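Written below as structure tokens is the structure these notes are about.
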Amino acid sequence: MKYKIEKDKIIVEAGDDFDIEHILECGQIFRFYKFADGSYSVCSGDKFAKIMKNNKNYVIFSKDTNYFADFFDLKTDYSKIKNELKKDKVLAKTIPFGKGIRILKNSPLEMIFSFVISANNRIPRIKKIIEAMCEKAGENMGEYYAFPTIEKLASLPLNFYLGLGAGYRAKYLFKLAMELSGVDLNEKNKLETKELRNWLISLSGVGPKVADCILLFGFNRMDVFPIDTWTSKVYETFYNEGAKTREQMREHLVKRFGIYSGYAQQYLFYGARSYDVLKLKI
DNA sequence: TGCCAGGAAGCTA
DNA sequence: TAGCTTCATGGC
């Protein structure tokens with residue numbers, strides 16, 4: 001896939017390795033908006049971009065082009081990854097539904113809070129709660145609101161979180177903010193995946209599945225396979241070898257897909273949730 | 001009305 | 001360690 005960075009925009013060749021709908025609608029990010037003309041806007045931390053399709057190219061407009069080139073993982077060769085994964089007969093039939101997916105490199109802090117909110121919740125409501133957080137506590141950047149800083153989040157009372165409509169998760173968010181206050185996430189990123197995962201699980205509101213999503217979308221770790229309601233169905237339908245618990249399913253699938261686990265999980269999740277792949281006869 | 005949502009925490013044994 | 005229950009809220 002070809003791309004080039006100019007002063008305030010990135011031009012990306014549209015095609016099998018980059019489809020903005022696949023990338024944004026596959027459940028890895030919550031702060032994005034689709035406009036009537038088919039263009040999108042995306043927020044990540046305190047950064048912002050607009051994405052428009054122009055003939056055979058996507059144009060990503062932003063004053064932070066280097067950030068978004070990294071965010072969209074433009075240097076990674078997804079054709080190679082998909083060719084490797086297509087050796088698996090289930091993925092061979094599933095990948096075409098989300099062939100333009102790329103795993104984003106999003107803000108770790110934003111991913112931690114977002115996926116704590118995501119637990120036992122629905123995606124439209126998750127988006128509303130996160131948006132409320134940004135509007136009430138994030139910096140007004142004119143065209144959008146930044147995700148709040150940890151300093152700001154740690155200074156807010158429990159009532160702030162109760163007012164977001166987050167339900168019983170409010171107390172987790174409140175505790176989480178204090179637990180993360182003063183923590184250098186860049187320093188945490190130096191840990192091995194297993195150690196980083198254990199630390200994440202020690203945080204309020206973070207269990208195995210939420211930790212795996214944070215590792216995948218916030219810390220760019222591909223040796224994880226989040227097991228949720230959808231991917232547990234995927235396991236039971238296509239990969240069942242007797243695992244009963246989510247932990248057993250996770251171990252089995254990470255062993256199967258290794259360093260490509262995160263990619264495999266996202267193609268399977270998107271296919272199952274958006275295209276009824278679970279009903280395919282494979 | 002009852003069920004479920006990209007689950008986690010708390011309790012029991 | 002494993003299994004069960006509870007936890008707000010909202011859409012269907």
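The chains referred to below are lettered A, B, ... by the order of the sequence lines, with proteins before strands, and numbering in each begins at 1. Note that the coordinates shown come from a computational prediction; the quantities given were computed from them, not determined experimentally.
With P as the reference atom, B:dA8 and C:dG10 are 22 Å apart, rounded to whole Å. Comparing the P positions of B:dG6 and C:dC4 gives an interatomic distance of 24 Å, to the nearest angstrom.
Chain A approaches DNA chain C within less than 4.0 angstrom (heavy atoms of the protein), and the contacting nucleotides run 5' to 3' from C:dC7 to C:dG11.
Shown here is A:Lys171, whose NZ atom has more than 12 heavy atoms of other residues, nucleotides or ligands within 6.0 Å. For A:Glu192, the CD atom is loosely surrounded, since the number of other residues' heavy atoms within 6.0 Å does not exceed 12.
Toward the 5′ end of DNA chain C lies the nearest nucleotide of A:Thr245, the other residue of the pair A:Lys128 and A:Thr245 mapping further downstream.
Within the structure, salt bridge (charged side-chain N to carboxylate O under 4.0 Å, His left out) contacts touching residues 51-61 of chain A (residues at least two apart or in different chains) do not occur.
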Give the C-alpha distance, both sets of side-chain angles, the deciding distance and a yes or no for salt bridge (Lys or Arg N to Asp or Glu O under 4.0 Å) between A:Lys50 and A:Glu143.
-> CA-CA 11 Å; A:Lys50 281 188 174 178; A:Glu143 224 172 343; 3.1 Å; yes
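Among residues two or more places apart in sequence or in another chain, the side chain to side chain contact (heavy atoms under 4.5 Å, CB included) test is passed with A:Ser181 by A:Ala154. In this structure A:Leu191 satisfies the side chain to side chain contact (heavy atoms under 4.5 Å, CB included) test together with A:Lys188, A:Glu195, A:Leu196, sequence neighbours excluded.
Counting side-chain heavy-atom gaps under 4.5 Å among Ile, Leu, Val, Met, Phe, Trp and Tyr, the cluster of A:Met1 also holds A:Tyr3, A:Ile5, A:Ile10, A:Val12, A:Phe18, A:Ile20, A:Ile23, A:Leu24, A:Ile29, A:Phe32, A:Tyr40, A:Val42, A:Ile51, A:Tyr58, A:Ile60, A:Tyr67, A:Phe68, A:Phe71, A:Phe72, A:Leu74, A:Leu104.
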For nucleotides 6-13 of chain B, read 5' to 3', which letter fits each nucleotide if B means a protein heavy atom sits under 4.0 Å from the base, S means only the sugar-phosphate is that close, and - means neither?
-> BBSS----
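Electrostatic pairing of A:Asp276 and A:Lys279 counts as a salt bridge here, judged by a charged N lying under 4.0 Å from a carboxylate O.
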